[in-house]
Amino acid sequence: MTPPLHEQVVVITGASSGIGRETALKFAQSGAKVVLAARNRTALETVASQIEATGGEATIVTVDVSNWQQVKHLAEQAMNTYGRIDTWVNDAAASVYGTVEETPVEEFDQIIHVNLLGTIYGVKAVLPHMRAQGGGTIINIGSVLSERAVPLQAGYVATKFGVRGFTDALRMELQREKSGIRVTLIMPASINTPFFDHARSNMETEPRPIPPVYHPEIVADAILYASQHYVRQMYAGGAGLMFGLMERLSPALSDRMMQVMNWTFKAQKANQPNDERDSLERPMAGPGRVEGDFGHLTKPSMYTRYRITVPRWAQIALPAVALGAFQMLRRR
């Protein structure tokens, strides 16, 4: 039985900024005890202070998710502090922008260690504890790029494809064992977070998100929903659904459409010159923040709101009713 949000203990990696930070604040607002994990301790302390100022409870663990021993310690620290882990969110991520030829091998190594191995380490660290307590929820943060590749982010795309495959394999193993451990993949579209400031750019410009762009809140809402309801996978942002449908319809056509007039190449290049600052090898300094610099491009997601507020039976029934009504009108 999944405990209600106000009784949960939640571990979140990548909690110092962006999606992870927004998710931590939302869990805390719901009454959950939150374990905040990231490399930037100053930012974690800022998040913890926000949570405690509103009566919430947070614990800080400084962690580099590319280090197995540190991730294992994170799980042990959460268990020592609270005695259980109800939801574990693997959110920490890094990216490099540039062509494959422009990207050094060492940068590919680092992205794989953070995004893919960091997720695997998180799962490996929490599994024994969830198995001992008879259940729990593991939420892996993939991307719309877990299904549809784009140029200039080959390393990031490869890791997010890997996260999806790893999540699917893990889910089947745990279902076969009737472990009581649920596994969900969340696939955000472009989200307005500091991710683009933190990414390394091997281009002449800073990177930017491919529009449309959504607020981090929609991803946090999807994560909280998945912590309470069994969800195999969920898009955050309707553009993610559209990209996924395009990929299923015709990958080759999708490739051609994305290359018309070099659209996806141009869309990922900001007007600002490359400032050569990033968090690939060390965390960005400062208190951190939830939102990035693309508020002027940000829009709400009616799809995500529908997905998490309309009951599942109604989501299945409504298209069938609409199709039936359409057929009746055609006969008249």
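Any value given below was found using the heavy atoms of this structure, including those in side chains, with hydrogens, waters and symmetry copies removed.
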- Item | Smallest separation among heavy atoms of M187 and S146, with atom names | SD-CB, 4.1 Å

- Query: Quick check: does any side chain N or O of T81 sit under 3.5 Å from a backbone N or O of A78, one acting as donor and the other as acceptor?
  - Reply: no

- Task: Show your reasoning for whether side chain to side chain contact (heavy atoms under 4.5 Å, CB included) applies to V126 and I138.
- Result: CA-CA 9 Å; V126 76; I138 297 171; 4.0 Å; yes

- Pairs involving residues 212-228, ordered by first then second residue, that meet salt bridge (charged side-chain N to carboxylate O under 4.0 Å, His left out) (sequence neighbours left out): K26-E217, K26-D221, D221-R305

- For P3, does its backbone N or O pair with a side-chain atom of Q8 as donor and acceptor, under 3.5 Å? yes

- Query: Nearest 0.5 Å, what's the OG1-CG distance between T159 and L116?
  - Reply: 6.5 Å

- Item | T119 versus N140, side-chain donor and acceptor atoms under 3.5 Å | no

- Item | Rounded distance [0.5 Å steps], OG1 in T46 versus CG in L36 | 10.5 Å

- Query: What residues, two or more places apart in sequence or in another chain, satisfy ring-ring contact (aromatic ring centres under 6.0 Å, His included) together with W263?
  - Reply: none

- Between CG on residue L74 and OG1 on residue T62, distance to nearest 0.5 Å: 10.5 Å

- Task: Please check if the side chain of T193 supplies one atom and the backbone of F195 the other of a donor-acceptor pair under 3.5 Å.
- Result: yes

- Item | Nearest-0.5 Å distance that lies between atom CE in M258 and atom CZ in F265 | 9.5 Å

- Item | Side chain to side chain, P212 and K299, heavy atoms closer than 4.5 Å | yes

- Just wondering, are more than 12 heavy atoms of other shown residues or ligands nearer than 6.0 Å to CE in M242? no

- Closest heavy-atom contact between S227 and L224? OG-O, 2.6 Å

- Enumerate the residue pairs fulfilling salt bridge (charged side-chain N to carboxylate O under 4.0 Å, His left out) with a member in residues 81-103, sequence neighbours excluded, ordered by first and then second residue. R84-D86

- Query: Would you say R182's side chain and G136's backbone share a donor-acceptor pair under 3.5 angstrom?
  - Reply: no

- With no hydrogens and no angle check, is any side-chain donor or acceptor of R39 less than 3.5 Å from a backbone partner on S279? yes

- Where do V114 and V65 come nearest, in terms of heavy atoms and distance? O-CG2, 3.7 Å

- Query: Do Y121 and Q69 have side-chain atoms, one donor and one acceptor, less than 3.5 Å apart?
  - Reply: no

- Where at least one partner belongs to residues 104-118, residue pairs that pass salt bridge (charged side-chain N to carboxylate O under 4.0 Å, His left out), sequence neighbours excluded: E107-R200

- Query: Is N115 reaching over with its side chain to a backbone N or O of A94, donor-acceptor style, under 3.5 angstrom?
  - Reply: yes

- Item | Interatomic spacing from OG1 in T264 to CE in M257 - rounded to 0.5 Å | 11.0 Å

- Item | 4.5 Å side-chain heavy-atom contact, Y82 and E57 | yes

- Quick one: which residue pairs count as a side chain to side chain donor-acceptor pair (under 3.5 Å) with a foot in residues 249-262, not counting sequence neighbours? R148-D255

- Item | Any side-chain heavy-atom pair of T99 and P151 under 4.5 Å | no

- Task: For the pair D278 and H198, evaluate side chain to side chain contact (heavy atoms under 4.5 Å, CB included) and give the outcome as yes or no after the intermediate values.
- Result: CA-CA 4 Å; D278 59 74; H198 294 182; 5.9 Å; no

- Note on the structure: Here the gap from E206 atom CD to Y97 atom OH, rounded to the nearest 0.5 Å, amounts to 10.5 Å

- Query: When you measure from the side chain of E22 to the backbone N and O of P216, does any donor-acceptor pair fall under 3.5 Å?
  - Reply: no

- Query: Of the non-hydrogen atoms in V144 and A189, which two are nearest, and what is the gap between them?
  - Reply: CG1-CA, 4.0 Å

- Message: So that I can tick it off, tell me whether D293 and R289 are bridged by a salt bridge, with the cut-off set at under 4.0 angstrom between side-chain N and carboxylate O.
- Response: yes

- Should M234 and V10 be counted in the same cluster of Ile, Leu, Val, Met, Phe, Trp and Tyr side chains packed under 4.5 Å apart? yes

- Message: Apply side chain to side chain contact (heavy atoms under 4.5 Å, CB included) to residues Q50 and R21 and explain how you reach the verdict.
- Response: CA-CA 11 Å; Q50 288 180 268; R21 186 176 184 134; 3.2 Å; yes

- Could you tell me whether the side chain of K269 reaches within less than 4.5 Å of the side chain of L152, counting heavy atoms only? yes

- Atom of E147, atom of Y235 and distance for their closest heavy-atom approach: OE1-OH, 2.5 Å

- Query: Is it true that E177 and R131 make a salt bridge, defined as a side-chain N closer than 4.0 Å to a carboxylate O?
  - Reply: yes

- Query: Under a 4.5 Å side-chain heavy-atom rule over Ile, Leu, Val, Met, Phe, Trp and Tyr, are I111 and M284 clustered together?
  - Reply: no

- Task: Might you work through the side chain to side chain contact (heavy atoms under 4.5 Å, CB included) test for M130 and W88, ending with a clear yes or no?
- Result: CA-CA 10 Å; M130 286 189 172; W88 180 289; 4.2 Å; yes

- Message: Treating Q133 as the side-chain partner and I85 as the backbone partner, does any N or O pair qualify as donor plus acceptor under 3.5 Å?
- Response: yes

- Message: Count I, L, V, M, F, W, Y as connected when their side-chain heavy atoms are under 4.5 Å apart, and connections chain through other members. Are I191 and V157 then in the same cluster?
- Response: no

- Task: Kindly give the heavy-atom pair with the smallest separation between I218 and G237, and that separation in Å.
- Result: CD1-N, 3.5 Å

- Query: Heavy-atom distance under 4.5 Å between the side chains of I19 and T23, does that happen here?
  - Reply: yes

- For F243, what residues pass the ring-ring contact (aromatic ring centres under 6.0 Å, His included) criterion, not counting sequence neighbours? none

- Whether Q110 side chain and L280 backbone form a donor-acceptor pair below 3.5 Å: yes

- Query: Within the distance-only criterion (no hydrogens, no angle test), does the side chain of S179 pair as donor or acceptor with the backbone N or O of Q175 below 3.5 angstrom?
  - Reply: no

- Task: For the residue pair Y214 and T304, confirm or rule out a side-chain donor-acceptor distance under 3.5 Å.
- Result: no

- Single-linkage hydrophobic cluster F166~V231, side-chain heavy atoms < 4.5 angstrom: no

- Is there a side-chain contact between T205 and Q272 (heavy atoms, below 4.5 Å)? no

- Message: For H129, is the NE2 atom crowded, meaning more than 12 foreign heavy atoms sit under 6.0 Å from it?
- Response: yes

- Message: Determine whether F161 and Y156 satisfy the following criterion, ring pair (Phe, Tyr, Trp, His ring centres under 6.0 Å), listing intermediate values before the conclusion.
- Response: CA-CA 9 Å; F161 266 67; Y156 183 81; over 10 Å; no

- Item | V47 and its side-chain contact (heavy atoms from CB on, under 4.5 Å) partner, picked from L25, I60, I12, N40 | L25

- Task: For residues I223 and V89, determine if any side-chain heavy atom of one lies less than 4.5 Å from a side-chain heavy atom of the other.
- Result: yes

- Query: Salt bridge or not for D197 and R208, using N-O below 4.0 Å?
  - Reply: no

- Message: With clusters defined by side-chain heavy atoms of hydrophobic residues (ILVMFWY) lying less than 4.5 Å apart, directly or transitively, does V11 cluster with L117?
- Response: yes

- Indicate yes or no: at least one non-hydrogen side-chain atom of D168 is less than 4.5 angstrom from one of R232. yes

